[in-house]
Asker: 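Sharing a structure, written as structure tokens. Questions coming.
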Amino acid sequence: MLNCLIVNDLIVTQPREFYSRPTLEVARDLLGAPLLRRLSNGEILTGRILEVEAYTHDDPACHAFRGKTERCKIMFGPAGYVYVYFIYGMYWCLNVVTEQEGVAGAVLIRAVDTPHGNGPGKLCRVWDINRQQYGLDLCDSNSEIYIARSEPLPDREVEVSTRIGLKDAQDRVWRFFVKNHGGVSGLKRSSAPRIVHPK
DNA sequence: GGGCCGATTGTT
DNA sequence: ACAATCGGCCCG
């Protein structure tokens, strides 16, 4: 694994302060970070994060928009924990909790640089991520899922667009992905999000 | 308890 | 363009 911070053979995770920031900043800085998943048989899967979307408490598309429920309660707690939800009767989606404790926010992991890791539902299917991983601490390298500390990608490698698959709040340019990388999701879809180029 | 709907995906 | 498939959420 390239570009992980490794001290005494231990992979150093992103500290909690990395996640306890505005959701949009965390989302953008997660690009390029190595995501690690330790399976029950001890095997470790790794992949760089290629595509993310931000969801905030004042965002109609956010599960926490209408307040705390059994499903989204983790989003109101401290940052750096795993939020997973079930969607369309078939798929699980992996998120990381953001913001200060008491403020709901999360970043959806939409793609990683690994085989069949393009798309949030496919990633969780291939990496065996489901409700059992709800609430895992990403800041603990003993967790089944954690994220290694790494330098953020330079702006020239980052592209932004509107989010995918939403009915509400389609105007927000809150999707971040690695530019010119074939591993991002939705490349063959006609309902492509609106890509916004820097001036 | 009922009914609607969804942060997806693969196929037509 | 549409089906698959079912838990969460809101309402009453």
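What you see below is based on every heavy atom in this structure, not just the backbone, and it leaves out hydrogens, waters and symmetry mates.
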Asker: Kindly write out the residues that satisfy side-chain hydrogen bond (donor to acceptor under 3.5 Å, both in side chains) with A:R194, not counting sequence neighbours, or none if the list is empty.
Answerer: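 side-chain hydrogen bond (donor to acceptor under 3.5 Å, both in side chains) check on A:R194 returns nothing, list empty.
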Asker: So what does A:Y88 touch, heavy atoms closer than 4.0 Å: a base, only the sugar-phosphate, or nothing?
Answerer: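 Base: the residue A:Y88, judged by heavy atoms under 4.0 Å, touches a nucleobase.
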Asker: Just how far, in rounded Å, is P of B:dA7 from CD of A:E51?
Answerer: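 That distance rounds to 15 Å.
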Asker: I'd like to check, for A:Y55, whether its ring lies over the base of B:dA7 with centroids under 5.5 Å apart and a plane angle smaller than 30°.
Answerer: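 A stacking contact exists, since A:Y55 sits close and nearly parallel to the base ring of B:dA7.
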Asker: Name the nucleic acid region contacted by A:R163, choosing base, sugar-phosphate or nothing; use a 4.0 angstrom heavy-atom cut-off, strictly under.
Answerer: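 The answer is nothing, as A:R163 stays clear of every strand by at least 4.0 Å.
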Asker: Between A:R110 (CZ) and B:dT8 (P), how many Å, whole number?
Answerer: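 So the CZ-P distance, A:R110 to B:dT8, works out to 5 Å.
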Asker: Any carboxylate oxygen within less than 4.0 angstrom of a Lys/Arg side-chain nitrogen, looking at A:E159 and A:K179?
Answerer: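 Judged by the 4.0 Å cut-off on N to carboxylate O distance, A:E159 and A:K179 do not form a salt bridge.
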Asker: With both distances under 3.5 Å as the test, what is the Watson-Crick or G-U wobble partner of B:dT9?
Answerer: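 WC or wobble partner is C:dA3.
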Asker: Whether A:T69 contacts C:dC9 is assessed here as follows: a side-chain N or O lying under 4.0 Å from the phosphate OP1 or OP2. Is that the case?
Answerer: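 For C:dC9, OP1/OP2 do have a side-chain N/O of A:T69 under 4.0 Å.
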Asker: Rounded to the nearest angstrom, tell me the gap between atom CE in A:M90 and atom P in C:dG8.
Answerer: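 From A:M90 CE to C:dG8 P: 15 Å.
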Asker: Can you see if the side chain of A:R71 gets near the phosphate of C:dC9 - specifically, an N or O under 4.0 Å from OP1 or OP2?
Answerer: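 Indeed, a polar side-chain atom of A:R71 lies that close.
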Asker: Could you check how far NE2 of A:H116 sits from P of B:dG10, rounded to whole Å?
Answerer: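 Going from A:H116 (NE2) to B:dG10 (P), I get 10 Å.
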Asker: Counting only side-chain heavy atoms from C-beta out, which of C:dC10, C:dC6, C:dA4 sits nearest to A:R66?
Answerer: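 The answer is C:dC10.
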Asker: Grab the CZ-C1' distance between A:F86 and C:dT5 for me, whole Å please.
Answerer: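 Those two atoms, CZ and C1', are 7 Å apart.
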Asker: Assign A:R125 to base, sugar-phosphate, or nothing according to its heavy-atom contacts below 4.0 angstrom with the strands shown.
Answerer: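 The answer is sugar-phosphate, as A:R125 gets under 4.0 Å only of primed atoms, P, OP1 or OP2.
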Asker: Are A:S20 and A:E99 linked by a side-chain donor-acceptor pair shorter than 3.5 Å?
Answerer: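 Per modelled atom types, A:S20 and A:E99 side chains form no pair under 3.5 Å.
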Asker: When all nucleic acid strands are considered with a 4.0 Å heavy-atom cut-off, which category describes A:G89: base, sugar-phosphate, or nothing?
Answerer: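 Counting heavy atoms under 4.0 Å across all strands, the contact made by A:G89 includes a base.
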Asker: Using a strict threshold of under 4.0 Å (side-chain N to carboxylate O), is an ion pair present between A:R163 and A:D171?
Answerer: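 Looking at A:D171 and A:R163, the cut-off is not met.
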Asker: Whole angstroms only, please: what is the CG-P distance between A:D168 and B:dA7?
Answerer: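 Those two atoms, CG and P, are 9 Å apart.
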Asker: Tell me whether the guanidinium CZ or amine NZ of A:R71 lies under 6.0 angstrom from the six-membered ring centre of A:Y134 and within 45° of its axis.
Answerer: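 No, A:R71 and A:Y134 do not form such a contact.
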Asker: Under 4.0 Å from OP1 or OP2 of B:dG6: is there any side-chain N or O of A:K167 that close?
Answerer: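 Affirmative; the distance criterion is met.
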Asker: What integer distance in Å separates A:R175:CZ from B:dT8:P?
Answerer: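 Going from CZ in A:R175 over to P in B:dT8 covers 11 Å.
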Asker: Closer than 4.0 Å, any side-chain N/O of A:H63 to the OP1 or OP2 of B:dA7?
Answerer: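 Affirmative; the distance criterion is met.
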Asker: Nearest whole angstrom, please: distance from the C1' of C:dT5 to the CD1 of A:I87.
Answerer: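 For the pair A:I87 CD1 and C:dT5 C1', the rounded distance is 11 Å.
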